[in-house]
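Report on the structure given below.
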Amino acid sequence: MTETELKLQVPAARLRGVAAAVGTPAARTVRLQAVYVDSADRALARAGIALRLRREGPRWVQTLKALGADRLQRLEHNVPREGGAAQPPAVDPALHAGTPAGERLAAVLRGLPPDALQPVLRTDIRRTRRELRVRGGALELALDRGRLLAGARALPVCELEIELLRGRPALVIAQARRWVGRHGLWLDLQSKAERGERLARGEAQAAAAMARPPAYPAGADLAAGRRAVLAACAEQVLDNASAVASGVHGDEHVHQLRVGLRRLRSALRLFDGDRPDDPLAAGAAALFGRLGAARDQAAIAGPLHEELQRALAALGLDLAAPVLPAAPEAASPAEVLRAPAAQALLLDLLQALQPGDAAPQPAALKPHLAGMLQRWHKQVAAQAPRFAELDDEARHRLRKRVKRLRYAVEFAAPLFEGKKVRRYLQPLRLLQDRLGAFNDVCVGLAGYRGAAGSDAASAFALGWLAARREQRLADCAPALLALADAKRFWKKP
C-alpha cells in the first residue's frame with residue numbers, strides 16, 4: 001500500500017493549542033515503542049528504506065517503508081506479529097515478500113549476510129490521534145510526543161502527522177495549510193527513521209541535498225516532463241528547507257536551498273514561459289531574496305577576505321585587513337523558513353507535483369526543450385561581441401541568463417547524447433564560474449567601501465579589489481566567446 005502523509009513540527013510555545021485541537025473527546029492516546037533495524041553500514045537507510053517492529057498498545061506490528069513517487073507518499077507494508085511485553089518477536093524481512101516495498105528490501109538484503117540486520121534506533125512515543133472527516137474524504141491527525149533513542153543519545157519528538165485515510169492527496173496539503181496558518185507549525189520531510197539514523201551515527205545534521213537530474217517516464221509528454229523536472233527541483237528545495245527550518249544546519253544547506261529555488265524558477269520559465277502572476281515563481285523569488293543577504297556576506301567574509309589577507313602578507317605589509325561592516329540585522333534562515341510565506345511556497349510546490357485533471361499535452365517534450373535551449377543560447381551568445389560595453393547591471397543579468405541556460409541543459413540532458421551534452425557544458429560552466437567570480441568581487445568591493453576608513457589597510461583593500469575586478473572582467477570575455485562558438489547538442493528548430 002501507499003502511505004500519504006505530511007509531518008509538521010510543533011514549536012513548544014504552540015504545543016498546548018495543538019494538543020487541545022487534536023485531543024477532542026473522539027481522540028485516543030496510545031504508547032508506541034519501536035525498534036528500527038539496519039546493517040552496520042546502514043544499507044537500508046542509504047536505499048531510503050526503514051524496517052521496524054513496533055508495540056502499539058497490546059499488539060505488535062512489523063512495518064516496512066520505502067520512498068514513494070514523491071515526498072508526499074511512501075510505500076508501506078504492515079504485518080501483525082505475535083509477541084508479549086517481555087518477549088517481542090524477532091524482525092522477519094521475509095514477511096514483506098511480494099510487495100513493492102518488499103522487493104526493494106530484498107534487493108538490498110541480497111548482498112548482506114543473514115544476520116546483518118541489528119537494532120540501531122528505538123522510539124518511545126505517545127500518540128494522540130483522531131479521524132477528521134473533510135469534504136471528499138477523511139484524514140487522521142496524530143500528535144506525537146516522545147523521544148528517539150540511540151544508545152545514550154536522545155532526541156525529543158513533538159510533531160503533528162496528517163495522514164490520508166480516504167480521498168485525494170490534495171486533502172493532506174489543504175489540511176497542512178490550515179495547521180500552518182492557525183498554529184505556526186512548519187513542514188519537515190525528515191522521517192523519524194532518518195532523524196534517528198543520524199542520531200545513531202552521532203551526526204547533528206543531514207548532508208545538504210544537491211541537485212539531481214529529472215527522472216522522465218517513458219514516452220513522457222510535455223505535462224509529464226514538466227512534473228519530472230519540478231520533482232527534481234522540489235527534492236533539493238524541500239530537503240534543504242526542512243534542514244534549515246530545524247535550526248540545525250550549515251551554510252551549505254542555505255546555499256543549496258537557494259540553488260534549488262533558482263533551478264525551480266528556471267524550470268517554470270522553461271515550461272510555462274515568463275508568467276509574473278505565477279504564485280509559485282513569485283514565492284520562490286521572494287524566498288530566494290530573503291536568504292540572499294547571508295550568501296553575500298559569506299562571499300565577502302570568506303574566500304575574498306582570505307585572499308586579501310594573503311595579498312597583504314605577500315607584500316610584507318604588517319597590516320590587518322579592514323574589518324567588514326556587520327550584515328544588516330535580519331531574521332535567521334530558520335526564522336525565514338518557518339514563516340507563513342515560506343511554508344505556503346513549500347506546500348504550493350508539493351501541490352504542483354500532484355497529477356492534475358487536465359488532459360495530456362500531446363506536444364513532444366524533446367522538441368520543446370530543444371527550442372527553448374536554442375532561444376536561451378542565442379540570448380547569451382548575442383552579448384559576446386559587446387561584452388566590454390555592458391555595465392555591471394547588464395553583466396549581472398547576463399550571469400542570471402547563463403545560470404538559467406545551464407539549468408535548462410541539465411534538465412534536458414537525460415534526453416540527449418551524454419557526450420555531446422558534456423562537451424557543451426564545459427564552456428558553459430567555465431563562463432558561469434568566471435561571471436560568479438566577477439560578481440563576488442563586485443559585492444566585496446561594495447562591502448569594503450562601506451567599511452573603508454582613512455587607514456593604509458583600507459586604501460590597499462580598495463585598490464586591490466579594483467585591480468581584481470578588472471582581472472575578473474577580462475577573464476569573462478573569452479569564456480563568453482567560447483560558449484557562443486560551442487557546438488550545440490540539440491537540433492535547431
Side-chain angles (χ1 to χ4, degrees), residues 5-22 71-72 141-145 148 155-162 172-192 194-195 198 204-209 233-262 264 279-295 297-298 327-352:
E5 72 172 21
L6 285 177
K7 183 163 77 267
L8 303 171
Q9 291 298 326
V10 181
R14 300 299 188 103
L15 176 57
R16 179 177 294 182
V18 172
V22 175
R71 302 315 301 268
L72 192 62
L141 303 177
L143 176 60
D144 286 353
R145 288 170 283 185
L148 308 179
L155 193 66
V157 172
C158 188
E159 59 195 28
L160 178 72
E161 290 185 0
I162 305 173
V172 176
I173 298 173
Q175 190 62 212
R177 292 185 193 278
R178 294 188 177 94
W179 287 86
V180 166
R182 294 176 184 175
H183 297 282
L185 313 188
W186 68 85
L187 187 66
D188 186 355
L189 296 182
Q190 303 171 98
S191 68
K192 291 184 181 70
E194 290 169 327
R195 294 169 62 203
R198 291 198 306 274
Q205 60 190 34
C233 297
E235 183 176 355
Q236 185 179 17
V237 169
L238 294 168
D239 284 357
N240 286 304
S242 292
V244 173
S246 74
V248 183
H249 64 87
D251 290 341
E252 186 64 14
H253 292 90
V254 178
H255 172 64
Q256 290 301 327
L257 173 55
R258 294 183 81 238
V259 170
L261 292 168
R262 192 183 284 280
L264 173 61
L280 191 57
L287 180 55
F288 181 89
R290 285 194 288 272
L291 294 170
R295 192 272 168 198
Q297 190 71 7
E329 188 171 343
S332 70
E335 291 170 328
V336 169
L337 263 296
R338 294 177 189 179
Q343 292 300 304
L345 167 67
L346 301 181
L347 292 170
D348 286 346
L349 182 52
L350 282 170
Q351 183 66 58

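Positions are given from 1, in the same order as the sequence printed here. These figures come from a predicted structure and were not determined experimentally.
For R177, the salt bridge (Lys or Arg N to Asp or Glu O under 4.0 Å) partners are D348, not counting sequence neighbours. Annotation: side-chain hydrogen bond (donor to acceptor under 3.5 Å, both in side chains) contacts of Q9 (sequence neighbours excluded): E159, D188. Residues satisfying the salt bridge (Lys or Arg N to Asp or Glu O under 4.0 Å) criterion with R71, sequence neighbours excluded, are D239.
In this structure the side chain of P11 reaches within 4.5 angstrom of the side chain of L185, judged on heavy atoms. Put simply, the side chain of V18 reaches to within 4.5 Å of the side chain of W179, judged on heavy atoms. For the pair V244/V336, no side-chain contact is recorded, criterion being any heavy-atom separation below 4.5 Å from C-beta on.
Atom NE2 of H249 sits about 14.0 Å away from atom CD of Q256, to the nearest 0.5 Å. Between N240 atom CG and R258 atom CZ the span is 12.5 Å, to the nearest 0.5 Å. A distance of 9.5 Å separates CG in L141 from CG in L143, rounded to the nearest 0.5 Å. Taking CG of L347 as the start and CG of L238 as the end, the distance is 9.0 Å to the nearest 0.5 Å. One finds the CG atom of L287 at 5.0 Å from the CG atom of L261 (value rounded to the nearest 0.5 Å). To the nearest 0.5 Å, the span separating CD on E5 from CG on L160 amounts to 10.0 Å.
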Item to check | Evaluation steps, side chain to side chain contact (heavy atoms under 4.5 Å, CB included), between R262 and V259 | outcome: CA-CA 5 Å; R262 192 183 284 280; V259 170; 5.8 Å; no

Next on the checklist: Between R198 and L155, does the side chain to side chain contact (heavy atoms under 4.5 Å, CB included) criterion hold? Intermediate values first, please.
Outcome noted: CA-CA 11 Å; R198 291 198 306 274; L155 193 66; over 6 Å; no

Item to check | side chain to side chain contact (heavy atoms under 4.5 Å, CB included) evaluation trace for L6 with L189 | outcome: CA-CA 7 Å; L6 285 177; L189 296 182; 4.0 Å; yes

Checklist entry - Can you check side chain to side chain contact (heavy atoms under 4.5 Å, CB included) on L345 and V237, steps first, answer last? => result CA-CA 10 Å; L345 167 67; V237 169; 5.7 Å; no

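One N or O on the side chain of Q343 and one on the backbone of L187 form a donor-acceptor pair closer than 3.5 Å. Not one N or O on the side chain of E161 forms a donor-acceptor pair closer than 3.5 Å with the backbone of L8. Of the possible donor and acceptor atoms, one in the side chain of R338 sits under 3.5 Å from a partner among the backbone N and O of A245. Put simply, the side chain of H183 never gets that close to the backbone of V10: no donor and acceptor are under 3.5 Å apart.
A pairwise comparison of heavy atoms in L15 and C158 identifies CD1-SG, 3.6 Å as the closest pair.
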